[in-house]
Amino acid sequence: MEKDLLQKRYLSDNERYADLINGFLFAGSRIVTAEHLTEMGSQTGLGGMSGLFVKGRRKRQKYRDLIRKAAFGMNFAVIGVENQTEVDYLMPLRVMSYDVGEYEQQAARGRKIVRRKKGISSAEFLSGFTKDSRLKPCMTLVLFYGEYWDGSQKLHGILDFKDIPEKLRAMVNDYQIHLLEIRKLPDTGVFQTDLKQVFDFIRCSNDKEKLKELVEHDSAYQNMEEDAYEAAAAFTNGEELLDVMKFHKEGGKVNMCQALTALIADGRMEGQTEEMLRIIRKMIEKGLGVSDIARLLDKPEKDTEYMIEIVKKNPGKSNSRLARELINREK
């Protein structure tokens, strides 16, 4: 499954979506629950409204990654999520266009209702919006899984104000994005679902020993939901974790601890095998026979002969590739 689809599927769960909102916006307080959330279509802007054309063609359609309607008492707000593994230097403009698109849709839906009302003024009829009409608040959370966000977090940061008078600059409206850099999270304890484990895994993913210690000391990694495991692997480009998942899965749950330990062991074994292949190639070049090479490697002659045969049959393959193939063949 494509990486972006794994990411979207994982966060599509309303328990996690509510947990993300609570952790991101309310410091972990349980303000929003899964029952408060209603799924919405990801298409945004007037391009998503039927019957609306511009110069004979529909407006270009835009799609959010995820979006939910969150109930607060009798009211609701619209909260979208954008997943970013790479920096988007136009993110302030992109987020602004998503939010404006949501407001446009709300206004377009209300316009028909307003114009059917009796007793409204001509201004209210023309705008399709009464003096007392209100749009529902909308915001977008940007989740960044990369190493370092060096883009601007506000619209003014991508505008060219050179030689523009300060007074004019002050009149140009700004637009701030709400960015959560996962790898820089100071505390994942604000999350109550397996978001905590997935985010912690991402934070430690560049240090294998630290990662191993993490999954060994948190029992939740021994019984992870399959989509949480897949998301953790996808967010960290862990294709190897996805490859070995089937060996550590039972009843829809995956033991991340076993999978990671096996991968680390494989990595060490691959390094040792690669070094042995390097030595064999050198010894062959020097004209040494099986017995001499076996003695130098401290390996049985039968095993050494097998390795020499593989090296001779694959002169164009690198030692690292051959080592990986040998380990996979033994599994």
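- Residues Lys8 and Asn83 have side chains that never bring a donor and an acceptor to within less than 3.5 angstrom of each other.
- Within the 3.5 Å criterion, the main-chain N or O of Lys136 finds a donor-acceptor partner in the side chain of Gln106.
- Proximity of Phe161 to Glu166: side-chain heavy atoms (C-beta onward) are nowhere separated by under 4.5 Å.
- No option in Leu25, Leu195, Leu66 other than Leu195 meets the side-chain contact (heavy atoms from CB on, under 4.5 Å) test with Leu20.
- Between the His36 side chain and the Val32 main chain, no donor and acceptor come within less than 3.5 Å of each other.
- A donor-acceptor pair under 3.5 Å links the side-chain atoms of Asp19 to the main chain of Gln192, judged by distance alone.
- Remark: the backbone N or O of Gly146 is paired with a side-chain donor or acceptor of Arg183 at under 3.5 angstrom.
- Counting only distance, with no hydrogens or angles, the side chain of Tyr145 and the backbone of Glu86 share no donor-acceptor pair below 3.5 Å.
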Begin with the C-alpha distance, continue with both residues' side-chain angles, and end with the deciding distance and a verdict on side-chain contact (heavy atoms from CB on, under 4.5 Å) for Phe26 and Val190.
-> CA-CA 9 Å; Phe26 304 116; Val190 295; over 6 Å; no
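- Between Lys253 and Glu225 there is a salt bridge, since a side-chain N of the basic residue sits under 4.0 Å from a carboxylate O of the acidic one.
- Using a 4.5 Å cut-off on side-chain heavy atoms (C-beta onward), Phe76 and Thr38 make no contact.
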Going through the checks in order, is the salt bridge (Lys or Arg N to Asp or Glu O under 4.0 Å) test met by Glu285 and Arg281?
-> CA-CA 6 Å; Glu285 288 173 5; Arg281 283 191 200 274; over 6 Å; no
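- One N or O on the side chain of His156 and one on the backbone of Val172 form a donor-acceptor pair closer than 3.5 Å.
- Side-chain atoms of Val81 and Ile67, non-hydrogen and from C-beta on, never get closer than 4.5 Å to each other.
- With Gln7 contributing its side chain and Phe235 its backbone, the two residues share no donor-acceptor pair below 3.5 Å.
- Summarising the local packing, NZ of Lys282 is surrounded by 12 or fewer heavy atoms from other residues, nucleotides or ligands at distances under 6.0 Å.
- Asn14 and Glu39 are not linked by any side-chain donor-acceptor pair at a separation below 3.5 angstrom, with hydrogens and angles left out of the test.
- Here the side chains of Gln84 and Val142 are in contact, with some heavy-atom distance below 4.5 Å.
- Side chains of Met40 and Arg68 form no contact here, defined as non-hydrogen atoms less than 4.5 Å apart.
- Between the side chains of Arg64 and Thr140, at least one donor-acceptor pair of N or O atoms lies under 3.5 Å.
- At least one donor-acceptor pair under 3.5 Å links the side chain of Asn22 to the backbone N or O of Ala18.
- A side-chain donor-acceptor contact under 3.5 Å links Asp207 to the backbone of Lys210.
- The closest donor-acceptor contact from the side chain of Arg16 to the backbone of Tyr10 lies under 3.5 Å.
- Judged by distance alone, the side chains of Ser291 and Glu301 do bring a donor and an acceptor atom under 3.5 Å apart.
- Grouping the Ile, Leu, Val, Met, Phe, Trp and Tyr side chains by contacts below 4.5 angstrom, directly or via other members, places Ile202 with Met224.
- Applying side-chain contact (heavy atoms from CB on, under 4.5 Å) to Glu309 and the options Glu305, Met307, Lys313, Lys312 leaves one that passes, Lys313.
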